[in-house]
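Note that these values count all heavy atoms, side chains included, but never hydrogens, waters or copies made by symmetry. Per chain, numbering begins at 1; letters A, B, ... match sequence-line order.
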Amino acid sequence: MTTAQKAAPMDPLLDDDQLSYQRSLRAFLDVTWGDAQVRADLDAPSPDRDTWRRLAADLGVAGLSIPEQYGGSGGAPAEALLVAEELGRAIYGGPYLSTVVLVANAIVLSGDEAMAAELLPGIASGDKTAALATIDVGRDRYAALVPEATSTGDGWVVSGEARRVIDGADADHVIVEATTPAGRSLFLLAGTGVERTASETLDPTRRMATLVLNEAPARLIGRNGQAGEILAAIKPLVALALAAEAVGGADRATRDTVEYAKVRHQFGKPIGSFQAVKHRCADMQVRLAGARAGLRHAGSVLVDGSEDIDLLASVVKVYATKSYFRTAADMIQLHGGIGFTWEHPAHFHFKRAKSLEILGGTHVELRAAIADVVLAG
Amino acid sequence: MNTVAGPSTDVGDFRARVRAFLDSELPDDWAGVGKLDHAEAREFAQRWRASLAEHGFLAASWPVEYGGAGLTDAERVLLAEEFARVGVPTGIMNDIFSIVMIGNTLLHWGTEEQKKHFLPRILSGQDVWCQGYSEPDSGSDLASLSTRAVLDGDEWVINGQKIWTSGGHLADWIFVLVRTNSEAPAHRGITMLLVPIEQDGVDVRPIKNIAGESEFNEVYFTDARCPKENVVGEVDKGWPVAMTLLGFERGESAATLPIMFRAELDRLLDLARENGAAAEPVMRDALADIYIDNEVMRFLGRDSLARFLAGHAPGPDAAISKLFWSEYHEKATELALDVLERESLVAEGRRPTNTTLFQTDDVGAPNTSASWITTALNSRSGTIYAGTSEIQKTIIGEKLLGLPK
Ligand SMILES: Cc1cc2nc3c(=O)[nH]c(=O)nc-3n(C[C@H](O)[C@H](O)[C@H](O)COP(=O)(O)OP(=O)(O)OC[C@H]3O[C@@H](n4cnc5c(N)ncnc54)[C@H](O)[C@@H]3O)c2cc1C
């Protein structure tokens with residue numbers, strides 16, 4: 001083990017249990033999700049399920065946001081961020097974000113007990129995966145008909161199109177946000193009347209799909225018109241999970257780059273001895289320190305509710321993802337030609353970082369939201 | 001008008017001649033290679049190159065006896081500028097190596113036999129070249145290279161490895177820097193050899209880049225051979241040869257680079273109007289900011305072109321231009337992804353053919369997410385190849401400003 005790796009777990013804002021959980025996650029992922037698995041999963045026709053089941057069953061990652069009565073361990077939001085961080089560190093793109101962060105949180109916060117009883121145990125155990133297709137058009141020039149739900153008397157049918165649905169091609173359950181006369185609502189698709197097409201994603205480790213719904217039978221989740229409220233409630237959790245992935249990824253990118261700067265020699269010296277390189281590495285570490293401290297702080301606020309979590313999550317998400325992107329760009333640069341190859345992991349960081357910047361609220365959107373709060377008289 | 005060479009040069013009716021050529025050779029509705037799909041673009045490139053060769057426009061500044069058009073520097077720049085404007089290439093991708101680099105180098109340093117043998121074969125397309133400088137352990141520190149060549153009778157025998165060889169998989173020949181004297185100081189024992197790739201001792205293996213394409217290669221030499229006379233310049237004195245070669249490209253790019261990057265920026269502004277980013281103050285600000293950088297690139301282009309046309313040899317000030325455009329392009333394409341916003345999460349539609357030197361998408365290319373994503377990824381190499389940004393800054397500091405080493 002190198003000194004850099006030994007030094008990494010030193011984290012005064014985590015308690016002993018959290019540190020030990022972090023170590024277990026890291027040890028598991030180091031073995032099961034190395035570079036070879038990352039690459040094998042890219043080419044696999046359907047995503048890995050095995051590692052995900054073990055993450056859920058052996059390490060309990062899926063149950064952290066799920067109450068005990070539905071098979072989870074309930075209410076451990078700070079630990080949930082540790083999971084996202086370690087998954088980001090391992091460049092893992094499996095169902096955690098879609099199934100747990102988006103869907104499990106949405107179901108729990110909907111208060112729909114029947115749905116919770118039906119869906120959450122399978123999610124907590126790792127047997128079932130789920131995707132959430134929200135109405136999230138932004139500046140998309142090709143956004144087609146926003147999904148619209150129509151009542152059939154004893155149920156609903158949904159028609160329309162959703163793009164960039166994370167894990168949308170493979171998930172066992174698909175939940176869509178659709179408009180009804182009462183407003184936006186969440187629906188669980190029965191399975192028919194939906195055409196799922198996998199997309200070529202910017203971040204190849206994160207699968208997305210386009211869903212075309214044609215009178216797809218569906219059941220309402222929670223109350224008719226409740227989607228806005230549910231999605232607003234999960235928004236900070238999503239933003240922080242994305243920030244956590246960014247922190248984990250940036251940590252890995254920083255460590256790997258620093259290691260390389262120590263061993264790569266040019267002009268008879270390690271390149272890390274050139275100030276231009278050394279200072280870029282130092283900038284990486286400064287950004288990482290800020291982002292990680294923000295994440296730890298947000299973890300504690302999720303538990304004690306001592307601050308406005310929406311504001312805090314936006315702050316941390318913007319800083320952490322922006323930092324990750326700069327660090328990934330520097331990682332490519334400091335590796336020279338090797339950093340520009342597919343064989344080297346630098347591009348995975350670069351692509352994931354850009355993707356994390358855009359998902360869950362762009363920088364422009366989140367900064368506008370921050371300005372609204374901090375500038376209010 | 002976005003002309004760099006135009007007003008300051010006396011080129012008589014040459015511009016009219018070039019325009020007449022373009023009018024007669026291109027279809028009426030021509031709107032750039034970007035309007036063609038990949039198969040069409042490849043086919044067009046071959047046809048176009050043949051017609052350039054036929055009209056002496058392929059290596060236009062070469063003397064007529066070697067198949068050029070004997071153009072002056074000013075005319076050559078104007079030609080490149082007119083071509084860039086209508087979105088046609090001045091050759092195929094490897095012509096950067098075949099014509100601009102080794103062809104020009106042979107004109108300057110080559111023997112009469114070398115010129116007579118190699119130059120016509122380059123123009124006819126019979127020989128396609130690539131550049132074997134970098135090695136796994138010698139990138140920024142090129143002079144430390146360790147690929148070796150020793151004389152065995154009438155032939156050089158070469159052993160070692162080159163890497164990052166762009167277009168190596170498309171080439172028949174490679175110009176290689178080799179160490180021929182391990183006693184001498186690093187810069188003094190290097191020789192430039194001309195080596196045929198089609199032989200058992202040379203093995204070209206593609207490397208996939210971050211955009212998923214195989215554009216550069218590793219080249220292994222295992223007792224590879226070339227004739228004794230395939231030395232450019234003198235034995236052990238290849239370093240100055242290697243360095244002049246890097247300067248040849250400068251004049252044209254001073255003229256074409258601002259045009260290509262302006263065309264790209266225009267496409268980005270179109271995108272912003274199309275998807276509504278143009279209505280957002282934050283995006284307007286960012287776009288205005290990148291426009292400023294783009295303009296400065298044009299100003300710099302005029303400046304270096306004026307120096308070039310005044311006959312100044314390429315010097316360390318070329319580092320300013322290289323640093324500026326490559327850093328600009330990363331910034332501009334990052335902004336493009338932010339303008340695309342959610343669309344940039346997924347690559348859709350036509351992607352670049354990657355035939356341009358500066359990795360901009362083809363002129364006239366549609367504003368697809370695949371275009372901008374690929375361009376943004378490719379742009380990351382601009383600050384690495386041909387001397388990294390760090391190395392360029394060191395050159396500016398030490399060679400231009402005289403700061404201590
Ligand atoms: C797309 C692409 C195409 C290429 N095509 C060709 C080709 O056709 N033929 C060819 O011969 N080569 C080619 N190259 C190679 C290119 O020239 C080298 O990659 C480049 O010179 C850097 O060398 P390196 O990759 O070994 O990085 P290194 O030299 O190892 O650099 C690693 C990092 O250290 C920094 N660094 C190194 N030395 C110093 C210093 N003294 N001070 C401060 N920082 C320093 C660098 O800036 C960089 O950030 C290509 C490269 C790319 C990416």
*Can you tell me how far CG of A:Asp203 sits from OG of B:Ser344, rounded to the nearest 0.5 angstrom?*
11.5 Å
*For A:Thr341, is it the side chain, the backbone, both, or neither that has a heavy atom closer than 4.5 Å to a heavy atom of chain B?*
both
*Go through the atoms of B:Ile163 and report whether side chain, backbone, both or neither lie under 4.5 Å from a heavy atom of chain A.*
neither
*Which atoms of A:Ala329 come close to chain B, meaning under 4.5 Å heavy atom to heavy atom: side chain ones, backbone ones, both, or neither?*
both
*For chain B, which residues of residues 272-280 of chain A have heavy atoms nearer than 4.5 angstrom*: A:Ala276, A:Arg280
*Chi angles and distances behind the side-chain contact (heavy atoms from CB on, under 4.5 Å) call for A:Leu359, B:Leu345*: CA-CA 8 Å; A:Leu359 288 168; B:Leu345 289 171; 3.8 Å; yes
*Verdict with reasoning, A:Gln333 to B:Thr383, per side-chain hydrogen bond (donor to acceptor under 3.5 Å, both in side chains)*: CA-CA 7 Å; A:Gln333 180 67 21; B:Thr383 54; 2.5 Å; yes
_Residue-level interface, residues 397-405 of chain B with chain A, non-hydrogen cut-off under 4.5 Å_ = none
*Check step by step if side-chain contact (heavy atoms from CB on, under 4.5 Å) holds for B:Trp164 and A:Ile338.*
CA-CA 9 Å; B:Trp164 320 126; A:Ile338 300 240; 3.7 Å; yes
*Keeping the roles fixed (side chain from B:Asp141, backbone from A:Gln266), state whether a donor-acceptor pair exists under 3.5 Å.*
no
*Which answer fits A:Phe350, side chain, backbone, both or neither, if we ask what part of it has an atom under 4.5 Å from a heavy atom of chain B?*
side chain
*How about A:Ile358 and B:Arg342: do any of their side-chain heavy atoms sit closer than 4.5 Å?*
yes
*Greater than 12 external heavy atoms within 6.0 Å of B:Arg148's CZ*: no
*asked:* So for B:Ile207, is it side chain, backbone, both, or neither that comes closer than 4.5 Å to the heavy atoms of chain A?
replied: side chain
_Residue A:Arg163 versus chain B: region with a heavy atom under 4.5 Å_ = side chain
_Residue among B:Asp338, B:Thr388, B:Thr394 with most heavy-atom pairs under 4.5 Å to chain A_ = B:Asp338
_Does this structure show an ion pair linking A:Arg141 with B:Glu348, if we count only N-O contacts that are shorter than 4.0 Å?_
no
*Contacting region of A:Ile271 [heavy-atom separation from chain B under 4.5 Å]*: neither
_Looking at every heavy atom in both A:Asp140 and B:Glu343, which two are closest together, and how far apart are they?_
OD1-CG, 3.6 Å
*Criterion side-chain contact (heavy atoms from CB on, under 4.5 Å) on A:Phe325 and B:Glu334, from CA distance to verdict*: CA-CA 10 Å; A:Phe325 182 72; B:Glu334 280 172 30; 3.5 Å; yes
*Measuring heavy-atom distances to chain A, does B:Ala277 have an atom under 4.5 Å in its side chain, in its backbone, in both, or in neither?*
both
*Given side chains that start at C-beta, do those of B:Asn378 and A:Phe340 come closer than 4.5 Å, heavy atoms only?*
yes
*Between B:Met283, B:Glu213, B:Lys393, which has the largest tally of heavy atom pairs under 4.5 Å with chain A?*
B:Met283
_Minimum side-chain heavy-atom gap A:Ile332-B:Ile210 below 4.5 Å_ = yes
_Heavy-atom proximity to chain A below 4.5 Å, by part of B:Ser389_ = both
*Under 4.0 Å between a Lys/Arg side-chain N and an Asp/Glu carboxylate O for B:Glu274 and A:Arg139?*
no
*Could you check which of A:Arg264, A:Glu357, A:Met208 has the highest count of heavy-atom pairs closer than 4.5 Å to chain B?*
A:Arg264
*Measuring heavy-atom distances to chain A, does B:Ser144 have an atom under 4.5 Å in its side chain, in its backbone, in both, or in neither?*
neither
*Among the options A:His363, A:His265, A:Lys351, pick out the one with the most heavy-atom pairs lying under 4.5 Å from chain B.*
A:Lys351
*Given the options B:Ile373, B:Leu340, B:Leu377, B:Val282, which has more heavy-atom pairs under 4.5 Å with chain A than any of the others?*
B:Leu377
*Option that, when pairs with chain A are counted at under 4.5 Å, heavy atom only, ranks first among B:Ser138, B:Gly276, B:Ser214*: B:Ser138
_Sidechain-backbone polar pair: A:Lys354 side chain, B:Leu337 backbone, donor-acceptor under 3.5 Å_ = no
*Can you name the closest pair of heavy atoms from B:Ile384 and A:Gly337 and give their distance?*
CG2-N, 3.6 Å
